[in-house]
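In what follows, a single structure is set out as structure tokens and then discussed.
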Amino acid sequence: MLRAKLSCAAGLSMLLLAACSTVEEDKTAAWSPNRIHAEAREEMNAGAYDKAVPLFEKLEGRAAGTPLAQQAQLEKAYAHYKAGEQAQAMATLDRFMKLHPASPAIDYALYLKGLVNFNDNLGLFSFISRQDLSERDQKAAKESFESFRELVTRFPESRYAPDARTRMTYIVNSLAQYEVHVARYYYTRGAYVAAINRAQAALADYREVPALEEALFILVRSYDALGMAQLRDDSRRVLEKTYPDSEYLTRGFKAREAEPWWKFW
């Protein structure tokens with residue numbers, strides 16, 4: 001009996017030792033906050049975002065209550081963004097804005113939120129499929145626009161405001177083009193009433209964007225297909241007056257270009 005008890009005790013000790021040996025040693029235990037920050041930045045600059053994120057998290061705890069901890073939160077969000085981890089980046093930014101509403105870096109947080117959703121629009125494999133942003137679901141585009149709009153409204157003089165305004169223009173063009181893309185899809189499949197509805201939605205909701213020229217042309221062709229001569233002629237007159245040099249009237253629908261119309265980044 002005693003021998004069995006000793007054997008069990010020895011076995012338990014070995015298990016405990018084995019468990020302890022699997023616990024990784026915290027190499028940052030003796031590091032200063034500044035050193036952790038420097039190491040995290042080095043990992044991030046090297047593209048090792050999976051290594052940078054836990055270092056920024058440690059820095060948040062070690063430097064709690066300091067500007068350095070706030071900076072660590074933002075840099076962690078950026079690391080998530082660069083790693084393609086949209087949900088984690090957004091959660092980190094939302095937490096930062098909730099905890100530090102008066103931070104001087106709020107404008108950057110808003111800008112980064114806009115970028116996260118903006119880049120999500122492009123899709124991981126869009127460079128392979130050459131899929132136009134306007135052909136994708138537009139939820140992220142609208143959320144991106146709202147972040148940029150809040151930035152330029154609250155912080156018009158921010159260093160990030162000019163780029164945000166440029167991206168807002170692009171997003172509006174994209175949203176209008178999305179409506180027209182759907183309208184053209186319906187037209188090519190003979191769903192002329194649906195095509196008219198989507199083209200009219202683009203014309204009603206957007207102003208002075210390139211996609212409206214095609215929207216008017218889709219109205220002309222759809223009304224013609226339905227035998228609605230008066231509405232066809234009215235739409236054609238508006239197209240000719242608004243776009244007197246429109247190639248749609250002489251060449252019809254444009255072929256898909258080699259480079260997407262939106263690709264300027």
Side-chain angles (χ1 to χ4, degrees), residues 5-128 140 143-144 147-148 150-151 155 158-161 163-164 167 265:
K5 290 182 177 180
L6 289 174
S7 177
C8 290
L12 181 59
S13 298
M14 290 178 65
L15 287 172
L16 290 173
L17 288 172
C20 291
S21 65
T22 61
V23 176
E24 293 185 9
E25 180 182 357
D26 184 2
K27 65 177 183 179
T28 70
W31 290 5
S32 67
N34 286 334
R35 182 179 175 186
I36 297 175
H37 185 229
E39 292 286 339
R41 290 297 300 271
E42 184 175 336
E43 295 288 7
M44 187 161 65
N45 291 336
Y49 305 114
D50 59 325
K51 296 180 181 179
V53 167
L55 287 172
F56 284 129
E57 289 174 344
K58 287 183 182 297
L59 182 56
E60 284 186 66
R62 300 276 181 88
T66 69
L68 188 57
Q70 295 184 32
Q71 185 175 346
Q73 290 179 40
L74 290 174
E75 290 184 296
K76 182 177 74 170
Y78 181 78
H80 281 309
Y81 156 63
K82 293 296 289 183
E85 298 168 346
Q86 180 199 20
Q88 295 91 323
M90 295 298 288
T92 301
L93 289 167
D94 287 339
R95 177 172 174 269
F96 174 86
M97 295 175 68
K98 182 178 180 179
L99 293 175
H100 313 289
S103 169
I106 286 291
D107 62 334
Y108 173 72
L110 287 168
Y111 178 69
L112 188 51
K113 282 189 70 174
L115 283 184
V116 171
N117 278 316
F118 184 90
N119 279 18
D120 181 63
N121 282 322
L122 298 181
L124 183 59
F125 300 109
S126 63
F127 69 95
I128 296 176
E143 292 177 353
S144 178
S147 295
F148 288 138
E150 184 176 354
L151 164 61
F155 308 99
S158 168
R159 60 182 292 191
Y160 307 106
D163 187 64
R167 291 175 189 270
W265 267 276

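Remember, predicted model here, so these are calculated numbers, not experimental data.
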Discussion item. Show, in sequence, the C-alpha distance, side-chain angles and deciding distance for Glu60 and Arg95, and conclude whether the salt bridge (charged side-chain N to carboxylate O under 4.0 Å, His left out) test is met.
Written reply: CA-CA 13 Å; Glu60 284 186 66; Arg95 177 172 174 269; 3.1 Å; yes

Item to complete: For salt bridge (charged side-chain N to carboxylate O under 4.0 Å, His left out), just list the numbers for Glu150 and Lys113, CA-CA rounded to whole Å, side-chain angles, deciding distance to a tenth of an Å, and then say yes or no.
Response: CA-CA 11 Å; Glu150 184 176 354; Lys113 282 189 70 174; over 6 Å; no

Item to complete: Begin with the C-alpha distance, continue with both residues' side-chain angles, and end with the deciding distance and a verdict on salt bridge (charged side-chain N to carboxylate O under 4.0 Å, His left out) for Asp163 and Arg167.
Response: CA-CA 6 Å; Asp163 187 64; Arg167 291 175 189 270; 2.6 Å; yes

Worksheet entry | side-chain contact (heavy atoms from CB on, under 4.5 Å) evaluation trace for Leu110 with Phe155 | CA-CA 10 Å; Leu110 287 168; Phe155 308 99; 4.0 Å; yes

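Contact check for Ile106 versus His100: no side-chain heavy atoms found under the 4.5 Å cut-off. You'll find the side chain of Tyr49 stays beyond 4.5 Å of the side chain of Glu85, heavy atoms only.
What you find for Ala77 and Ala89 is that their closest heavy atoms are O-CB, 3.6 Å. Of all heavy-atom pairs between Ala52 and Ala40, the closest is CB-O, 3.6 Å. Across Ser144 and Gly114, no two heavy atoms sit closer than the pair OG-O, 2.8 Å. Here the closest heavy-atom approach between residue Ala63 and residue Thr66 is recorded as O-OG1, 2.5 Å.
With rounding to the nearest 0.5 Å, the separation of CD in Glu57 from CZ in Arg62 is 12.5 Å. For the atom pair Phe56 CZ and Met44 CE, the distance stands at 4.0 Å (nearest 0.5 Å). For the atom pair Ser103 OG and Gln73 CD, the distance stands at 9.0 Å (nearest 0.5 Å). Taking CG of Leu151 as the start and CG of Leu112 as the end, the distance is 11.5 Å to the nearest 0.5 Å. Atom CG of residue Leu68 and atom NE2 of residue His37 lie 5.5 Å apart, to the nearest 0.5 angstrom. A distance of 5.0 Å separates CD of Gln86 from CG of Asn117, quoted to the nearest 0.5 Å.
For OH of Tyr108, the number of neighbouring non-hydrogen atoms (other residues, nucleotides, ligands) closer than 6.0 Å is greater than 12.
Ser32 contributes a side-chain N or O that, together with a main-chain N or O of Arg35, makes up a donor-acceptor pair within less than 3.5 Å.
For Gln88, the side-chain hydrogen bond (donor to acceptor under 3.5 Å, both in side chains) test picks out no residue, with sequence neighbours left out.
Using bins of under 30°, 30° to 60° and over 60° for the plane-to-plane angle, the ring pair Tyr160/Tyr111 lands in the parallel bin.
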